[in-house]
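Note sheet for the following structure.
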Amino acid sequence: MQNTAETGPDAPIDVTPLLDDPYAAYAALREAGPVHRITGADGSPAWLVTRYDEVRSALADPRLSLDRRHAGPGGYRGFALPPALDANLLNMDPPDHTRVRRLVVKAFTPGRVETLRTPVRRVADDLLDAMAERGRADLIADYAGPLPITVICDLLGIPQRDRRDFLAWSDALITPDPSRPEGMKQAIGAMLEFYTGLIAAKRAEPGDDLLSDLIAVRDDAPADDGSDRLTEDELTSLAFLILFAGYENTVHLIGNAVLALLDHPDQLRQLQRKPAELPAAVEEFLRYDGPGPLAIRRFPLQDVEIGGVRIPAGDSVLLSIASANRDPARFSAPDALDRGRDLSGHLAMGHGIHYCLGAPLARMEAVTALEALLGRFPGLRLDVPRGELRHRRSLRSRGLISLPVAWETASEQVFEA
């Protein structure tokens, strides 16, 4: 791969290597330069930033807008969503971003999240109980997936009967089926209909849940007080974002973490002996193989220079979190899983005003899920050859399609004291 500064913007790089072998591809790009012109999976051009210093700086640069209204013609714009699902924090700049985030951030503070730890552990134990006697399972379908969807749906007050449909819609958005180009459009339409109906039901019968609280914020705020009021589209979009992002990122974080430990059995055994080290370990899992390879696309409000490359206003800019977190200029031996390294600067949850709103919840869920799993099945092992595992072919998410595992049922035990 060549540096854009050498090849010019008329020679964009194909992203196929980033789908097939991302960390090797990112290493080659970092070596060649900090910024590259690429052709995205949908054929649209974009600028890809790969080195740690440039990515971290750009994440907090107010000249880079998340609002699609600042996008130029022909560039990568992300999901094509209807307005009722698109008015969310991933498409907002201040002051709207500040207003909407302030209305929901209290639900995700570390203190509020800590009150959910016991219910989350109960869900984890129930899922493991259902798996235990079988001696084998697909850890994505049977554990890493159901856990976060249960937690987020409980938080929002979504009925049990609707959760299976949501999983199908999410899969259609995360990894569209090329043989069914209409699948994504149908999933988006179904999601919009679902959220509209759910909000109407919660208005009629409010519950003790986050969505009912957000509806009250929308409906009860004074009409002339724009600082603390959600629009109807913002309300629907916020519910969509909390559920979709809360599921997608956490299922991949748990799955990738378990695979990393199965690839490093010595570290797996260490954590089984010392589960108190799991919170620090999750930070390394996030850096080593996090669920979000790219930050949400950005659009310069004016011509900007990043890493010595001039990027015109309105062009699409993609910031590679995955590449930055493997940059040897910031992390020594970055391709090694090292729970003892300094992880204070990793970017898996973002940086700046768009730092992940649900980060405390995702961290708590991952720690709780791993603690329960490793304690229940100390003999956990892969149930297929390592080479048969497949990741979703996506630039926007990094996760396994399935993770078949097995264990000796007679060896079930709790953590050693």
Side-chain angles (χ1 to χ4, degrees), residues 15-26 41 78-79 90 124 127 137-152 163 166-178 183-184 187 241-264 281-296 318 320-323 325-326 337 346-350 356 358-359 361-363 365-367 369-370 373 380 382-384 386-405:
V15 298
T16 301
L18 297 177
L19 297 171
D20 295 337
D21 191 2
Y23 292 114
Y26 282 129
F79 277 161
L90 301 185
L127 292 169
D138 175 359
L139 207 68
I140 303 301
D142 296 329
Y143 188 63
L147 178 64
I149 194 63
T150 300
V151 172
I152 292 294
R163 299 179 187 187
F166 173 77
L167 289 173
W169 299 330
S170 297
D171 286 342
L173 294 184
I174 297 169
T175 51
D177 184 349
M184 178 182 286
L241 177 63
I242 292 171
L243 188 54
F244 184 70
Y247 163 70
E248 179 189 13
N249 290 328
T250 307
V251 62
H252 296 331
L253 170 56
I254 295 170
N256 294 354
V258 173
L259 178 59
L261 288 174
L262 294 173
D263 284 340
H264 300 80
V282 165
E283 298 307 308
E284 174 66 347
F285 298 143
L286 282 163
R287 182 209 66 85
Y288 178 75
D289 195 16
L294 299 173
I296 191 71
L318 301 176
S320 177
I321 303 297
S323 181
N325 280 340
R326 294 276 189 118
L337 185 70
H346 81 72
L347 301 175
M349 294 296 189
C356 178
L361 180 59
R363 286 183 165 108
E365 287 183 80
V367 169
L370 292 170
L373 175 71
L380 192 70
L382 271 178
D383 200 30
V384 296
R386 178 65 171 82
E388 291 185 9
L389 295 179
R390 295 290 180 268
H391 287 83
R392 297 177 181 271
R393 297 189 86 251
S394 170
L395 287 179
R396 66 176 303 275
S397 64
R398 169 76 173 170
L400 291 156
I401 296 173
S402 65
L403 182 56
V405 295

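- Evaluation of the side-chain contact (heavy atoms from CB on, under 4.5 Å) rule for Ala137 yields Met131, Arg134, Asp142, Trp407 as partners, not counting sequence neighbours.
- In this structure, CG in Asp383 is found 11.0 Å from CG in Leu262, a value given to the nearest 0.5 Å.
- For Asp21, the salt bridge (charged side-chain N to carboxylate O under 4.0 Å, His left out) criterion is met by no residue, not counting sequence neighbours.
- Listed by chain and number, the residues in a side-chain contact (heavy atoms from CB on, under 4.5 Å) with Ala295 are Leu59, Arg298, Leu319, Ile321 (sequence neighbours excluded).
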Mind running side-chain contact (heavy atoms from CB on, under 4.5 Å) on Phe285 and Leu337 for me, showing each step along the way?
-> CA-CA 8 Å; Phe285 298 143; Leu337 185 70; 4.0 Å; yes
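- Looking at Arg392 and Glu248, no side-chain N of the basic residue comes within less than 4.0 Å of a carboxylate O on the acidic one, giving no salt bridge.
- Pairs engaging residues 283-292 under the side chain to side chain donor-acceptor pair (under 3.5 Å) rule: Tyr23-Asp289, Glu283-His346, Glu283-Arg363, Glu284-Arg287, Glu284-Arg341, Asp289-Arg398 [sequence neighbours left out].
- Every residue was checked against the side-chain hydrogen bond (donor to acceptor under 3.5 Å, both in side chains) condition with Ser402, not counting sequence neighbours, and none meets it.
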side-chain contact (heavy atoms from CB on, under 4.5 Å) between Leu389 and Leu382: does it pass, once the steps are laid out?
-> CA-CA 10 Å; Leu389 295 179; Leu382 271 178; 3.9 Å; yes
Show your working on side-chain contact (heavy atoms from CB on, under 4.5 Å) between Val258 and Leu380 and close with a plain yes or no.
-> CA-CA 10 Å; Val258 173; Leu380 192 70; 4.2 Å; yes
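- Counting only distance, with no hydrogens or angles, the side chain of Tyr143 and the backbone of Ala369 share a donor-acceptor pair below 3.5 Å.
- With sequence neighbours left out, Asp263 forms a side-chain contact (heavy atoms from CB on, under 4.5 Å) with Leu259, Arg386.
- Residues satisfying the side-chain hydrogen bond (donor to acceptor under 3.5 Å, both in side chains) criterion with Asp20, sequence neighbours excluded, are Arg393.
- Among residues two or more places apart in sequence or in another chain, the side-chain hydrogen bond (donor to acceptor under 3.5 Å, both in side chains) test is passed with Ser323 by Arg30.
- Residues satisfying the side-chain hydrogen bond (donor to acceptor under 3.5 Å, both in side chains) test with Arg390, not counting sequence neighbours, are none.
- Checked against side-chain contact (heavy atoms from CB on, under 4.5 Å), Leu294 has the following partners two or more places apart in sequence or in another chain: Tyr26, Leu48, Leu318, Ser320, Leu395.
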